[in-house]
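So you know, we letter chains A, B, ... as the sequences are listed, proteins then strands, and number each from 1.
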Amino acid sequence: MPSLSKPLSPWRRITNVAFIGLSALASVLVLAPLVAIFGYLLYKGIGSINLAFLTKIPKPVGESGGGMANAIIGSVMILGLGSIFGVPLGIGAGIYLAEFGHGKLVTLVRFTADVLNGVPSIVVGIAAYTMVVLPQQHFSAFAGGVALGIMMVPTIARTTEEMLLMVPNTIREAALGLGIPQWRATLQVTLRTASKGVITGCMLAFARVAGETAPLLFTAFGNQFWNVNPNQPTAALPIQIFSYAISPFDEWHKQAWAGALILIVLIVAAVSAVRIVTSRGTMANNA
Amino acid sequence: MGVGIEVRDLNAWFGKAQILKEVNMTVGPNAVTAVIGPSGCGKSTYVRCLNRMHETNPDAKLTGSVKVGDKEIYESGIDAVDVRRKIGMVFQKPNPFPTMSIYDNVAAGLRLNGFNKRHELDAAVEGSLKMAALWDEVKDVLKKKSGASLSGGQQQRLCIARALAVQPELLLMDEPASALDPISTGKIEELIFQLKTQYTVVIVTHNMQQAARVADYTGFFLMGKLIEFDKTEKIFTTPSDKRTEDYITGRFG
């Protein structure tokens, strides 16, 4: 019988310290590239960010100055449209999978969502091109929104499903036992209980598609001029960054860095804003 | 005001397993009825048949008739949601809505049924919490604290308040004190005593002393059958069935 009153053997102490050390090292290794990328972006991009960059549209080749205002607005527009299409559809599908689905259809939907999640984004772009751009005969922010929306659906649907399945059944029973109709119980009790995780899923999907370039090439297309009409070809930051980065001009390279920095700042701002707004009115689980 | 219950030839199944067999029971208004019996005898299924919660399980089946007041709740054309609105239920494990404040928990049944008048909601919340003997403990943190932040016993009284807020005619309690310590259990029992002046209460319990303390009538279930149903005093002193006597004297179960 090993005695519990004896001090730990040196070997156990060493494994303990080694394990803690290894997990600390792992988290540093995970964080390091993130910090490095952000630091490098700041270093390369901050110098080119000024009022003109944020408020002016691109200058023709050869002229200096100009900015990416149209691409910033365009990205906001396309991502907004994408979220309008993708979030309700994804949450709805997740609710169906977790709460109402039985049998073969659920397996089919789940499998399709997983496959869709693995489809290369350029293929999604082609799909949106065929569905929206070809019938309309022109590129548009709307088509870009459709492409990004399609890409958001599987992530949101699967996280919503997982989060709803984590809500204990006793909570559903409590709601039904009060004589609350099923649909209301699902939306206002079960979904609300899972809301934190569901929002995280939406934010992940949003952040993931925010940097997508390929699906926008055939859909939003890009635009060198001002455009706020969602039915017209629209500039977007990732496209702008791409075309500036592969250009031969030094100033455009600098602007591409600045554009990338702005894109990251936009994503962080959007995610934080949603977190702040949605945390109001809902109690933390253990507050 | 409480209403009576009349159960006739009730049979219930989960898939192919028959859980309840030919149960007949008549309960008068404003009485507390205890349902006792060993684990797996069908007690919980029985109370879940009284407010049509049984059918929320996809495998569930049921035959027979249950009258609450003068309404047959299994008549075709009667909506299960309407039935549950008039019959409150308290579950074994306290299950407050974790993301809602104490106030929102109590108001949930009214609000989610489309009732939204501020003053009346306030009054209903206060009244229900007072009736559930929780008001004094939470009145200062009604909207600040979540239902899940309370202690287990407080959570269960919160769930009782939540059930009372919709003004049910009948209150079903499925082992409401089995997860609680003796002090909280005492509070819940005292509460049941007061509730019966206004409600008809059916309580499932594993604890025979509890049945003896709170109930006017007691029904003993065994293997899905209602073996004996009578005044509590009679069941615990001179039961007419040998199996009841064996159970309450601790010879089995």
Discussion item. Need one label for P96(B): side chain, backbone, both or neither, based on atoms under 4.5 Å from any heavy atom in chain A.
Written reply: backbone
Worksheet item: Given that the side chain runs from C-beta out, which part of I87(B) has a heavy atom under 4.5 Å from chain A: side chain, backbone, both or neither?
Response: backbone
Item to complete: Using atom types as modelled and distance alone, determine if a side-chain donor or acceptor of N105(B) lies under 3.5 Å from a backbone N or O of F97(B).
Response: yes
Worksheet item: If only atom types and distance count, is the side chain of Q154(B) paired as donor or acceptor with the main-chain N or O of S151(B) below 3.5 Å?
Response: yes
Worksheet item: Ignoring hydrogens and geometry, is there a side-chain-to-backbone donor-acceptor pair from H54(B) to W13(B) under 3.5 Å?
Response: yes
Response to the item:
Okay, A185(A) and chain B: the region with an atom under 4.5 Å from a heavy atom over there is neither
Worksheet, complete the sentence: Pair count under 4.5 Å, heavy atoms only, with chain A: among M89(B), R111(B), R162(B), K86(B), highest is R162(B)
Discussion item. Does either side chain, that of N113(B) or that of R85(B), offer a donor lying less than 3.5 Å from an acceptor on the other one?
Written reply: yes
